[in-house]
Amino acid sequence: MGAGTAQRIIPLSIRTVADMANQLDLQEQEQLDEFKAFWKQYGNAITWVVTIALLAFAGWNGWNWWQREQAAKAGALFEVLDTAAQAGDAAKTSQVFDDLKERHPRTVFAQQAGLLAAKVQYQAGAVDRAQAILGWVADKGSEDEYRTLARLRLAGVLMDAKKYDEALKQLDAATSPSFAALVADRRGDVLLAQGKREEAKAAFAASYKGLDERLEFRKIVEAKLTALGVAPAASGAAP
């Protein structure tokens, strides 16, 4: 290959590279223009979506931290209340419960504290105070199981006070499936106290049927049915 041929090839290659570079520049410019147009149309919406997502993430982390903080503080107060309850200190138990209810009402500790505080108040003879505490858990508790348990105990307190209709209303509102058999048993107690033997039998039968046969409490319900002239196994009330 001669020198002249080489001289012709080299400029051609340089021009080719230059053309390719120009084409790339044009493509990049077109893409940039397209992006600018896209961002102009949708940029604000995208910015808002990203901002909201970041705020939601930050809020979620903050909420989890707040819940952990509340649970820790509520747990510390519950320990104080538990110690007072074991000592039979009704006054301090009541005071700590009020503090816990005021500061951390949505925690599980507040519901547990309410049930324990009500027990201490009842044993100390402060029946009205016990009713008020159980009523708070029944109405304000954050979990259905605790609300139902509070209503069960409140129905017992009302039954002892011969407020049978109020007791039955509490049982009507006790809706947790986990306590259905216990609710039926307590309903039978209230109905029997009212002299409604047939309705009491039906309630006790429903309780007996709903209880696991391995539970000792089932024998108590069986004894109630037997006292009312019903043999559970013979009547088919048992599974």
Side-chain angles (χ1 to χ4, degrees), residues 60-163 166-187 189-190 207 210-212 214-221:
W60 174 252
N61 284 335
W63 171 249
N64 286 334
W65 175 86
W66 184 84
Q67 283 190 314
R68 290 192 297 269
E69 186 76 5
Q70 293 294 301
K73 292 179 179 179
L77 281 173
F78 181 82
E79 289 183 7
V80 175
L81 186 146
D82 185 48
T83 300
Q86 291 181 29
D89 191 339
K92 187 172 183 179
T93 301
S94 179
Q95 179 183 357
V96 176
F97 169 71
D98 285 341
D99 196 14
L100 183 53
K101 178 185 69 173
E102 182 69 24
R103 296 184 183 183
H104 315 289
R106 301 297 295 174
T107 62
V108 172
F109 289 111
Q111 299 168 84
Q112 294 175 342
L115 296 175
L116 181 55
K119 178 182 177 181
V120 175
Q121 299 305 307
Y122 187 79
Q123 291 174 341
V127 179
D128 290 342
R129 176 61 174 158
Q131 287 187 26
I133 295 174
L134 289 173
W136 181 87
V137 178
D139 294 333
K140 305 297 184 180
S142 58
E143 297 185 15
D144 191 32
E145 288 77 8
Y146 284 107
R147 291 195 301 269
T148 293
L149 188 54
R151 293 188 188 282
L152 263 172
R153 295 185 180 180
L154 183 54
V157 174
L158 291 169
M159 182 180 69
D160 290 343
K162 302 186 185 304
K163 298 178 180 180
E166 292 183 35
L168 290 174
K169 287 181 180 179
Q170 291 296 328
L171 294 174
D172 288 340
T175 57
S176 174
S178 303
F179 292 94
L182 295 180
V183 171
D185 173 69
R186 182 56 53 85
R187 186 185 301 279
D189 290 337
V190 177
S207 175
L211 290 168
D212 191 298
R214 294 168 294 183
L215 294 176
E216 288 296 321
F217 186 74
R218 196 167 189 254
K219 295 180 181 179
I220 297 176
V221 179

Atom pair [atom1]/[atom2] of [X] and [Y] - distance to nearest 0.5 Å:
| X | Y | atom1 | atom2 | result |
| --- | --- | --- | --- | --- |
| Y122 | D128 | OH | CG | 11.5 Å |
| R106 | Q111 | CZ | CD | 7.5 Å |
| R151 | L171 | CZ | CG | 10.0 Å |
| R147 | W136 | CZ | CH2 | 11.5 Å |
| E102 | L77 | CD | CG | 12.0 Å |
| R129 | L134 | CZ | CG | 10.5 Å |

(request) For the pair Y146 and V108, evaluate side-chain contact (heavy atoms from CB on, under 4.5 Å) and give the outcome as yes or no after the intermediate values. (result) CA-CA 9 Å; Y146 284 107; V108 172; 3.6 Å; yes

(message) Walk me through whether R218 and D212 qualify under side-chain contact (heavy atoms from CB on, under 4.5 Å).
(response) CA-CA 7 Å; R218 196 167 189 254; D212 191 298; over 6 Å; no

(message) Tell me whether D139 is salt-bridged to K101, with the criterion being a basic N under 4.0 Å from an acidic carboxylate O.
(response) no

(request) May I ask you to decide whether K169 forms a salt bridge with D172, counting only side-chain N to carboxylate O separations under 4.0 Å? (result)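 D172 and K169: not salt-bridged.
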
(message) Is any side-chain heavy atom of F78 closer than 4.5 Å to one of Q112?
(response) yes

(message) Under 3.5 Å, is there a donor on one side chain and an acceptor on the other for D82 and Q86?
(response) yes

(message) Is it the case that the side chain of T148 and the backbone of S176 share a donor-acceptor pair, with hydrogens and angles ignored and the cut-off at 3.5 Å?
(response)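 Yes: the side chain of T148 pairs with the backbone of S176.
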
(request) Ignoring hydrogens and angles, tell me if any N or O in the side chain of S94 forms a donor-acceptor pair with the backbone of A90 under 3.5 Å. (result) no

(request) Please name the pair of heavy atoms, one in V137 and one in G114, separated by the smallest distance, quoted to 0.1 Å. (result) CG2-CA, 3.8 Å

